[in-house]
Amino acid sequence: MKGRILLLIICICLTSETTIAQTYPSFNPIKVDQFGYLPSAEKVAVISNPINGYNSSYSYTAGGILEVKDATTNNVVFSAAVSAWNNGQTHTQSGDNVWWFDFSTVQTPGSYYIFDPSTNTSSYEFEIKDDVYNEVLKQAIRSFYYQRCGVSKTANNAGQWNDSPCHIGASQDLDCRLVTNPNSSNSKDLSGGWHDAGDYNKYSTFSYETLHDLLFAYQKNPAVFSDDYNIPESGNGVPDIVDEIIFELDWLKKMQNSNGSVLSKVSVVGFQAASPPSNDNASRFYGEESVSATLCVASNFAHAYVAITENNIPSLQSYANNLLLSAEDAWNWADANPNLPAYNNAGFSSANPEMNAQSIAEVKIGAAIMLYAATGSATYKNYVENNYTIIQPYQWNYWFAFGNSIQNLLLYYTSLTGVSANVISDITNSFSNSHNGNNGDLYSAYTNQTDAYRAQLGDNDHTWGSSKWKSVNGLLLMEAIDLGIDQANNTNIKNAANGYINYIHGVNPNDIVFISNMYGFGADHSANEFYHSWFYDGTSYDNVFTSAIGPAPGFVTGGANANYNPTIYNYYGTVISPPMNQPIQKSYKDWNTSWPEDSWAITENAIYYQATYIHLLSQFASAPCSSSATINGLPSSITDNNPINLAASPSGGTFSGPGVIFGAFNPSIVGPGLYTINYSVMDANGCSATASQNILVGSLSYNFVNYNLGTISP
């Protein structure tokens, strides 16, 4: 993309507390989805004038008329007036005055930018096409490959981020021991699986929402997932998202004991790490089994069985069958041990993955849902229908950003054969109440234009991992479409959901794509740093622009966190601004330092943030382009000078090559020789195709001799 960037360096004035001045890499007042838009989508650029926050010294007033320009020709293809959001009031969450510029009628595939002729200011470039999000989706899924533990990441698959196998040394995952009794009799091979987040630990319960989101993404739109993501399994006839899911499932199978129970975690005892992962030699241990981990795995295994079976992947059916057996073993063990004490994380300082009693109850209902989907057994159906009303979203009659997996699972239950009609109605009505009004962050936020940046999330919900909570809101909107509860408004509901994608892709007051290092895939200002032990501050992987390598692409960062309160502030009263002392949506900083600044509360990645974003984005992706073109009726050779009208299918494309003019090949222009005629066409979905054909122009001399009898010519 050609960057049109306005550079602004912001210094925050010192207060009575010590303040660390920060620089922001750019500020572009015209915010667009930096990757682009679907042709039929609602397209609204957000233009901002900062009033409060780190960038308030920069002022901008939008011109009355803005233009959409073709990025190739710079021709104006559309112009219209802007509208002031909320009659010019300052948006509290961002501290900005905002205008909206609606260019939804621009639907022709191509590359564009927004231009304000009154100030000679341009937005970043973006594309309009049917598969505009496919490459972003691919890179987001590939981030899980970089999170793989215990295997080589080769240069062929990982490029600059190649690394030898990690955590296979002494006292690590191949010889992993119980943290509270680390003798050789407790040794297990617990290698594999994904690193959980910016650390290298692995947790059974933290895989729960991650796998459900990825499996639902695949179930809902399987055609968008191809087998060419450049991971080791690419080309094996299985969609690469499924191969990646299996990599985690294989580790969870190792975590399951012979009695069906599942171990809680594999972790260092403190906070040890190194860069790259293969340099981390710290001892690692496992935590004992828990009911929560066991139910999470039962739910995930059963879901994987359903996804593989219904999509008819013959090479994986035996694998899926074994997963189902393991899921039932896990259910039976958890069902027989309901009073097992909660896992207490003894021996570890790393995160305790234990769930509270309410969450465990919800996970058990979710496991019963997926086991019923897999088996049709009345045992699981009866459990769901006798207990579903205890889930928090149902009890509150309030479906919300923090209820991700159980909400998805319960709504999925309504689609299954044999479910009681009154239960379907009850669940649907409960969800519909939130969609239609009692959760003001959902569809009513769209119709009321609550958020100037078109991705409403409550003030208190802009907390650790807000990128995930934004994505969940988008998913809840898409669930309303799947359930058909407001069909007359389906187009607007989808546009509302798309607003959350646009936000993560740059339509936010920070003017940043909350995904790492996406410059090679269409972004002009993406996250340059994020908290991760591999891509840590001061390493060669630190920063896109100032380090030798920079971080790998595709990682979703945590997002704005208005509750950020670093250790350094508690010790020394030192303010890091931004993200501190900012409007809610500006509580973000692009950095990756550790204690005592604790950047992990803002920029750390996590597999569960990643998967929820992928789940949402995949519903806006399209099947990979398979368009083809054919040149019709062109001979392989000619021996005269007569032009040939060119034709091809599909029609509507462009011919090029020597001698081609006005849609015809004219041999008299080029003379004798071998020439290549090219044809390119783009279909209505933005998928392009090309065709080429050679044509030989022969040499022929003409001799004219006059005789009394007439003219003879050979």
Side-chain angles (χ1 to χ4, degrees), residues 138-177 187-203 207 210 228-236 240 243-255 265-286 350 516-517 520 529-544 547-555 592 594 604-607 610:
K138 178 178 180 179
Q139 296 307 316
I141 292 172
R142 272 183 53 80
S143 75
F144 285 95
Y145 171 67
Y146 299 118
Q147 294 290 97
R148 289 188 182 188
C149 182
V151 295
S152 176
K153 300 174 186 70
T154 67
N156 287 337
N157 299 124
Q160 299 178 86
W161 301 281
N162 62 85
D163 192 21
S164 55
C166 61
H167 304 111
I168 60 171
S171 301
Q172 293 192 311
D173 294 9
L174 293 172
D175 179 23
C176 199
R177 303 183 183 188
S187 177
K188 294 178 179 289
D189 176 1
L190 299 178
S191 58
W194 298 318
H195 299 144
D196 166 65
D199 56 67
Y200 301 142
N201 301 330
K202 303 181 293 190
Y203 303 89
S207 298
T210 304
D228 59 354
Y229 284 15
N230 191 26
I231 61 175
E233 298 83 3
S234 293
N236 66 355
D240 282 347
D243 286 321
E244 199 59 69
I245 289 167
I246 287 173
F247 190 83
E248 181 76 349
L249 292 172
D250 284 346
W251 172 69
L252 290 172
K253 287 168 65 178
K254 293 180 180 181
M255 295 289 282
K265 63 189 285 190
V266 171
S267 172
V268 292
V269 295
F271 306 99
Q272 303 95 324
S275 176
S278 60
N279 283 341
D280 183 17
N281 297 315
S283 297
R284 291 156 66 88
F285 303 89
Y286 65 84
S350 53
S516 67
N517 199 0
E529 302 179 9
F530 67 102
Y531 181 82
H532 195 288
S533 298
W534 186 352
F535 315 123
Y536 183 62
D537 185 50
T539 68
S540 59
Y541 308 98
D542 177 2
N543 182 281
V544 172
S547 302
I549 298 175
F555 287 82
N592 63 358
S594 186
E604 186 176 13
N605 69 297
I607 56 174
Q610 196 80 23

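The structure displayed is predicted, hence computed values, not measured ones.
- In terms of modelled atom types and a separation under 3.5 Å, the side chain of D175 and the main chain of S171 share no donor-acceptor contact.
- Aromatic ring centres of F535 and F555: separated by under 6.0 Å.
- Nearest heavy-atom pair, Q172 versus A282, reported as atom, atom and distance to 0.1 Å: NE2-O, 2.8 Å.
- Among E248, E244, Q147, the single residue meeting the side-chain hydrogen bond (donor to acceptor under 3.5 Å, both in side chains) criterion with W194 is E244.
- What you find for N543 and S547 is that their closest heavy atoms are N-OG, 2.9 Å.
- In this structure, the separation between CG on D250 and CG on L252 is 9.0 Å, given to the nearest 0.5 Å.
- Taking CD1 of I168 as the reference point, atom CG of D173 lies at 9.5 Å (rounded to 0.5 Å).
- Side-chain N or O atoms of N517 include none that pairs as donor or acceptor with a backbone N or O of V544 at under 3.5 Å.
- Of all non-hydrogen atoms in S516 and A552, the two that sit nearest each other are OG-O, 2.7 Å.
- Using a 4.5 Å cut-off on side-chain heavy atoms (C-beta onward), S164 and S152 make no contact.
- A donor-acceptor contact shorter than 3.5 Å links the side chain of K138 to the backbone of D228.
- Smallest separation of non-hydrogen atoms from G554 and S143: O-CB, 3.9 Å.
- How far OG of S267 is from OH of Y286: 14.5 Å, rounded to the nearest 0.5 Å.
- Between I607 and F144 the shortest side-chain heavy-atom distance falls below 4.5 Å.
- Looking at every heavy atom in both residues, S278 comes nearest to N281 through O-OD1, 4.2 Å.
- The closest side-chain heavy-atom distance from K202 to C149 is below 4.5 Å.
- By the 4.5 Å heavy-atom criterion applied to side chains, S533 and H195 are not counted as neighbours.
- Atom CG of D199 sits about 10.0 Å away from atom CG of D280, to the nearest 0.5 Å.
- In this structure, the side chains of P553 and W161 come closer than 4.5 Å at one or more pairs of heavy atoms.
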So D243 and N236, side-chain contact (heavy atoms from CB on, under 4.5 Å) or not? Walk me through it. CA-CA 9 Å; D243 286 321; N236 66 355; 3.1 Å; yes

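- Proximity of a side-chain donor or acceptor of K254 to a complementary backbone N or O of S191 within less than 3.5 Å is detected.
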Evaluate R142 against I231 for side-chain contact (heavy atoms from CB on, under 4.5 Å), listing each step before the verdict. CA-CA 8 Å; R142 272 183 53 80; I231 61 175; 4.1 Å; yes

Could you walk me through whether K265 and N201 pass the side-chain contact (heavy atoms from CB on, under 4.5 Å) test, one step at a time? CA-CA 8 Å; K265 63 189 285 190; N201 301 330; 5.9 Å; no

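- D537 CG to E529 CD: the interatomic distance, rounded to the nearest 0.5 Å, is 6.5 Å.
- With rounding to the nearest 0.5 angstrom, the CG atom of D240 is 9.0 Å from the CG atom of N230.
- Residues Y200 and V268 form no side-chain contact, since every pair of their non-hydrogen atoms from C-beta on lies 4.5 Å or further apart.
- For D542 against Y536, the heavy-atom pair with the smallest separation is CB-O, 3.6 Å.
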Verdict with supporting geometry, Y146 and W534, side-chain contact (heavy atoms from CB on, under 4.5 Å): CA-CA 10 Å; Y146 299 118; W534 186 352; 4.2 Å; yes

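- A 4.5 Å side-chain heavy-atom check between P232 and R148 finds at least one atom pair inside the cut-off.
- Side-chain contact between H167 and V266 is absent, with no heavy atoms from C-beta onward closer than 4.5 Å.
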